[in-house]
Amino acid sequence: MNSYTIRNLKDFQLDHIFDCGQCFRWNKTGPGIYSGMAMGRRVTMEQRGDSLTVTPCTKEEFDTIWRPYLDLDRDYGRIKEILSEKDPVMARACEWGSGIRILRQDLWEVIVSFIISQNNNIPRIKGCIERLCRLAEAAPEGGENRRAPGQAGQRAPGQECLRASGQNAGPAGDQYADFPSARALAALEPEDLAPARLGYRARYVIETARQVAEQGLPQTAEQVLSLSGVGPKVANCILLFGMKRYDSFPIDVWVRRVMHELYGFREEDVKGMKAFATAEFGEFGGFAQQYLFYYMRSL
DNA sequence: TGCCAGGTGATCG
DNA sequence: CGATCACATGGC
């Protein structure tokens, strides 16, 4: 299988990147080795020191797909320098998560993933998303003639499946299925998602899929907030991880915890935290949030 | 066993 | 507005 290796990486650690809460479909399969789905492809990434090998991958694929996905052309050294000057807590956080990069993920996948993330824990979020992808792969298109229980996987010839692209075809149950499109999910009912165990979030996902299928993907913060199941926190995650809005500062329980324990805010003073982040971190709020999140979770 | 998890939407004063 | 509560599910 063809691989591509890039060397001399700086400010880059797969362990930091895939464990700072921004993505849910990468799994560690060995020391410095991760396997996952992104950009409609399944690949393995292996880091040894300052070099990274992607398999399967050509040089062209690396430059057009993975270089932007991994945000390799941004100077994170400079960002950490700027943030570290702000305060000692931030400096420690930058050091602890020194290899973090904010992935440029698919917007639709980010929207659904973070709707599912609400009031949920990370291991279970990953399970929900994986089951959602697998479910969609096994299900036929359309809400009218859904398959009956017991007919799983018996797709009629020519019947389109829910996957957005067809290049990762495999039997139902394949661990790496493409993320279901908005159009495909829009045709389903919340009950159809029962096997994914999304809980009460299933109706948010379906409703949002219908909104997006009809109006297209959101382009402004206001449009993001108008989606079903999207409040201030999830909206900020969508803006940061899916829309390149690097000034976004999502405040979740972990950030609230770090702001309370290490910055002295009252736990319920989310407004104060938000104002502080805007004033202190400004256009780098999103990077600051990632360093703080990763740091706090390790404590 | 309970408490809690990358919260949101509905309801009520 | 701001506070309060239900919500599905399962990790720990």
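All chains are named by letter (A, B, ...) in the order of the sequence lines, taking the proteins before the strands, and each is independently numbered beginning at 1. All figures in this text were calculated on a predicted structure; none of them were measured in a lab.
When the salt bridge (charged side-chain N to carboxylate O under 4.0 Å, His left out) test is applied to A:Arg210, the partners found at least two apart in sequence or on another chain are A:Glu189. The side-chain hydrogen bond (donor to acceptor under 3.5 Å, both in side chains) test applied to A:Ser248 returns no partner, not counting sequence neighbours. In this structure A:Asp247 satisfies the side-chain hydrogen bond (donor to acceptor under 3.5 Å, both in side chains) test together with A:Arg245, sequence neighbours excluded. Listed by chain and number, the residues in a salt bridge (charged side-chain N to carboxylate O under 4.0 Å, His left out) with A:Glu81 are A:Arg78 (sequence neighbours excluded). With sequence neighbours excluded, the residues satisfying side-chain hydrogen bond (donor to acceptor under 3.5 Å, both in side chains) with A:Asp15 are A:Lys28, A:Tyr34. Checked against side-chain hydrogen bond (donor to acceptor under 3.5 Å, both in side chains), A:Tyr76 has the following partners two or more places apart in sequence or in another chain: A:Asp71.
Between the CD atom of A:Glu268 and the P atom of C:dT4 there is a distance of 11 Å, rounded to whole Å. Rounded to an integer number of Å, the gap from CD of A:Glu267 to C1' of B:dG7 is 15 Å. Atom-to-atom, CG of A:Leu193 to C1' of C:dA8 comes out at 13 Å; the value is rounded to the nearest Å. Between A:Arg197 atom CZ and C:dG11 atom P there is a gap of 11 Å when expressed in whole angstrom units.
For residues 270-289 of chain A, there are no salt bridge (Lys or Arg N to Asp or Glu O under 4.0 Å) pairs, not counting sequence neighbours. Each ring-ring contact (aromatic ring centres under 6.0 Å, His included) pair with one or both residues in residues 222-241 of chain A, not counting sequence neighbours, appears once here: A:Phe114-A:Phe241.
Checking A:Pro123 against A:Gln118, the closest nucleotide of DNA chain C that is more toward the 5' end is the one next to A:Gln118. For the pair A:Leu227 and A:Phe24, nearest-nucleotide mapping onto DNA chain B gives the more 5' position to A:Phe24.
Side-chain N/O atoms of A:Trp96 and A:Ser298 include a donor and acceptor closer than 3.5 Å.
For residues 269-299 of chain A, proximity to DNA chain B is found at A:Gln289, A:Gln290, A:Phe293, defined as any non-hydrogen atom under 4.0 angstrom from a strand atom. Within residues 202-211 of chain A, the residues approached by DNA chain B to less than 4.0 Å at the level of any non-hydrogen atom are A:Tyr204, in residue-number order.
Put simply, the side chain of A:Tyr200 and the base of B:dG9 share no donor and acceptor less than 3.5 Å apart.
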Protein-nucleotides 1-5 of chain B N/O pairs under 3.5 Å:
from  : atom 1 : to       : atom 2 : distance (Å)
B:dA5 : OP1    : A:Arg257 : NH2    : 2.6
B:dA5 : O3'    : A:Asn120 : O      : 2.6
B:dA5 : N7     : A:Asn119 : ND2    : 3.3

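A salt bridge is absent between A:Asp50 and A:Arg7: the closest approach of a Lys/Arg side-chain nitrogen to an acidic carboxylate oxygen does not fall below 4.0 angstrom.
For the P atoms, the distance from C:dC7 to B:dT1 is 22 Å, rounded to whole Å. For the C1' atom pair drawn from B:dG9 and C:dG10, the interatomic distance equals 23 Å after rounding to whole Å. Rounded to whole Å, the P atom of B:dT8 lies 23 Å from the corresponding atom of C:dG11.
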List the atom pairs, donor and acceptor, that lie under 3.5 Å between side-chain atoms in residues 285-296 of chain A and the rest of the protein, sequence neighbours left out.
from     : atom 1 : to       : atom 2 : distance (Å)
A:Gln289 : NE2    : A:Pro250 : O      : 3.0
A:Tyr295 : OH     : A:Arg92  : NH1    : 3.0

